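To start, the structure under review is shown below, and the notes come after it.
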Amino acid sequence: MDFIRARISRDLKTGKYGGRVVTRFPPEPNGFLHIGHAKAICLNFGIAAEHPGGRCHLRLDDTNPDTEKAEYVEAMKRDIRWLGFNWGEHLYHASDYFEELYRYAMVLIDKGLAYVDSSSEEEIRERRGSVTRPGVNSPFRDRSRDENRELFVRMRAGDFPDGSHVLRARIDMAHPNMVMRDPLLYRIRHARHYRQRDTWPIYPMYDFAHCLSDSLERVTHSLCTLEFENNREIYDWLLEHTDSPAPRPEQTEFAPLILDYVVTSKRKLRPMVEEGLVHGWDDPRMSTLAGLRRRGVTPEAIRTLCEMVGVARAHSRVDIAKLEFALRDDLNHKAPRAFCVLDPLRVVLTNYPEAREEVFRAPRLPGNAGESGTRELPFGRTLLIDREDFREDPPTGFRRLSPGAEVRLKYAYVIRCDKVLKDTAGRVVELRCAIDPDTRGGVAPVGRRVRGAIHWLKAGSAIPAEVRLFDRMFNVPEPPDDDLAAALNPDSERIVTGALVEPGLVGTPPATHYQFERLGYFFSDPEDSRDGSLVFNRTVTLRASWEGRAQRATSAGEEPVSPANRAAHAERGKTRAGPSSPSASLRTAKQRLDFGHLARLGVSEAAAVSLVRSPRYLSVFHLARASYAEGADSIASWLVNEVTRLLGSDDRAELERLEPAALADLVRAVDTGRMSHRRGRTVVAELLARGGGFEEACSGLDLEEIDDEAVLRAILEEVVLDYPDKAAAYRSGERRLLGLFVGEVMKRSQGKADPREASRLARAMLEG
RNA sequence: UGGCCCGUCGUCUAAUGGCAGGACACCGGUCUUUGGAACCGGCGGUGGUGGUUCGAAUCCACCCGGGCCAACCA
């Protein structure tokens, strides 16, 4: 289970949202959905479908009138449905919330948390500062409530021109998170909105509209991609200060889907369409869902890809081979087989009578030979094969046709090439071959081994087709934003006009999948293919074959992992300037002073550095030390290692509750051997969760510890008996397995065993 | 010279302090009327250094590496 689903299960368990699971997919209708969106769609709609009563809203995030169009909304709905998801009645538009949003803005103004800034765009930018430099306050920041109110009302009334005023949150211009430096909430834009027409001269910004839209829809889990991490702070701030109802939606970020050699950004895709680098949003080379669909990629394959990729927070880049795998896996069992010759070469069978004609049957799908599952292939004296399947000078290992060699014409005969005919330019124009009548139906007599099998068509019976061969659109894994055109693969679209397909394909309707045997999966173009003139798009080749592999190794882009690359990888992360000490990272004089002091008290460097950075910890440390002076290092260690750990993982733990004297008593008890370290942890958790003194905490806890050798030995023997192979592995040197045995003892004793003793005994038993 | 986030086989991802596992890719084999499919096998990983712990991929610190943030875009 991924971390988001785990989080939702936890919320379900704690009842945080009363058992509700509401997600949303919120695209801005300013372009077409692409494969990157597919991940978000699968995640949001997938999660909703997994929970009874779960919902996923489709919300068009249409707050920018300049870029949005109804046409894009329709395309998005079509693409989501095609992917296999349904929003039911939950179709929403952020623009429908403009009135409520406006009222929320008024709430902030009334609280003195928002103001109208009349600075110019440049001034605002300048005063924002930079990532390393704090911003400065706007001169309009301290306008009165009444003035802000009046100005904002007039902004809405359309009294002001574009850019003359904005509404901003009043937070902190020196905030380390740039997003929090008085973010813009509203801007004036006298533009026609595709839905609201001319109703509004002001439009809310993303940060303002998004969290409140989520809240208005009672969304529980607002999932977005990693680049919005910084925005989570304003998301929470706005919900809190507009008094939005609890329980509030929670934003969680996950890694976007990034594919090698593929552009997944509407910002990059749009210019490609507008500048004519491609034929449109649905160009089969495009990563848009419309493009993929037109190419023949199936929704099942895209969903499988998303499952394979998973959901995590680590920045990742997915190998396109994963999509190809999912595609072939899907198409393999649903695409009927057919013969297609891309580059015809004439073959005349010298020992086959001119007048003779046969019809062979071949399975539509492999392993399916029944009458209804077969197709008919006419055969005659003159055939066409693919030029690629003949080599006058075959490389070693070549299994197809060459002078004097034999090859199997699938489902027909084994033939031998006797003669090669060329034109005056030396180009091969015809092959003279002989059939072996004993191999009729393509079945070779026992003991006869013919390695190669090729596809073919009977001349005169084949029907013409246009075949479009697509390759990756870019030559580099990560095309640069600024110069997409330069990264373009000039051979990404190869149109073969003289191809031929078997006669059974006459009248193939648009949008039909085939596997052209030995060539790949193809899809009749949904737009351009018609009865009299078939057009097929190559969806994906068959898995890299002998020749495919050789080609791929030399083709653009691929960079095999060289030993040098490996070495570089291994070197990654090594410290260049030699080992540096943690204390060298101390920045302020005060920290260095405190550090020196702690060091003199005997506190280890690692612990001291941590304490010095946190005044809260440091003060607890000093107070605890006052009642256990000789335990300075131990106290520091407990504070830094154990208390931090609990504070990070246990919601009930609060540093403020910890009484320093209780900590001191605890540490002393462990130091003197009165209590084991493990029990000490249990106690410290209690002190953090409930407070109180050391003895008091102990008395409320079951601190029983089994250190009786006979009891432990008995448990251990049981464990060894249950894991004989692991015991043997341990004896033969797998020392890491000790953890398994000790862990089992801990489990079986409900955590009461003394692990130190158990570990000692386990070692003795297994080694002795 | 800021804040936040992230580092597990080549790639993606599990392991919630106790056996580092799966998928894709790659390599090899069996089979085969697709150099396909299927089946079997193999290769290969916790960025580094310390610390805490009986025990660390997991907790702490530092270092190294990567990403995001300075639109009146989302």
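Heavy atoms only: backbone and side chains are in, while hydrogens, waters and symmetry mates are out. Numbers restart at 1 for each chain; the letters A, B, ... are given by sequence-line order, proteins then strands. Because the structure is a prediction, the values reported are computed rather than measured.
- Rounded to an integer number of Å, the gap from CE of A/M205 to P of B/rA70 is 11 Å.
- For A/S130, whose side chain is taken as the heavy atoms from C-beta onward, the closest listed nucleotide among B/rA71, B/rA70, B/rA74 is B/rA70.
- Heavy-atom nearest nucleotides on RNA chain B were determined for A/T63 and for A/R317, and the one closer to the 5' end corresponds to A/R317.
- The same atom, C1', is picked in B/rC64 and in B/rG42; the two are 33 Å apart, to the nearest Å.
- Not a single donor-acceptor pair, N or O on each side, falls under 3.5 Å between the base of B/rG2 and the side chain of A/N177.
- Here the P atom of nucleotide B/rU53 and the CZ atom of A/R756 are 8 Å apart, to the nearest Å.
- With distances taken from any side-chain atom of A/E517 to the nucleotides B/rU11, B/rU34, B/rU52, the minimum falls on B/rU34.
- Residue A/R313 has a polar side-chain atom (N or O) positioned under 4.0 Å from OP1 or OP2 of B/rC6.
- Residues A/R756 and A/S676 have side chains that never bring a donor and an acceptor to within less than 3.5 angstrom of each other.
- Here CD of A/E705 is found 10.0 Å from CD of A/E757. Values are rounded to the nearest 0.5 Å.
- Nearest to the side chain of A/I124, among B/rC69, B/rU53, B/rC72, sits B/rC72.
- The base of B/rU52 has none of its N or O atoms less than 3.5 Å from a complementary donor or acceptor on the side chain of A/E642.
- Comparing B/rG47 with B/rC9, their P atoms are spaced 7 Å from each other, to the whole Å.
- Against the 90° criterion about 0, the sugar-base torsion of B/rA61 places it in the anti range.
- For A/Y411 and A/F360, the distance between ring centers is not under 6.0 angstrom.
- Taking the side chain of A/R543 as heavy atoms from C-beta on, and the options B/rU52, B/rC69, B/rG36, the nearest nucleotide is B/rG36.
- Nucleotide B/rA74 holds its P atom 12 Å from the CZ atom of A/R189, rounded to whole Å.
- Nucleotide B/rG2 forms a pair with B/rC69, judged by Watson-Crick or G-U wobble geometry with both contacts under 3.5 Å.
- The backbone N or O of A/T374 sits less than 3.5 Å from a side-chain atom of A/R364, completing a donor-acceptor pair.
- When the P atom is used for both B/rG45 and B/rG10, the distance is 7 Å, rounded to whole Å.
- If you measure from atom CZ of A/R735 to atom P of B/rA20, you get 14 Å, rounded to the nearest angstrom.
- A straight line from CD of A/E307 to P of B/rA23 spans 15 Å, rounded to a whole angstrom.
- B/rC31 is unpaired under the Watson-Crick or G-U wobble criterion, no partner having all donor-acceptor distances under 3.5 Å.
- Listed nucleotides: B/rC59, B/rC54, B/rA74. Nearest to the side chain of A/D61: B/rA74.
- Using a 3.5 Å distance cut-off with no hydrogens or angles, the side chains of A/S583 and A/E605 do pair a donor with an acceptor.
- Summarising the geometry, the separation between CG on A/L646 and P on B/rG17 is reported as 11 Å, rounded to the nearest angstrom.
- Residues A/H315 and A/Y186 both approach RNA chain B. Their nearest nucleotides, taken by heavy-atom distance, put A/H315 toward the 5′ side.
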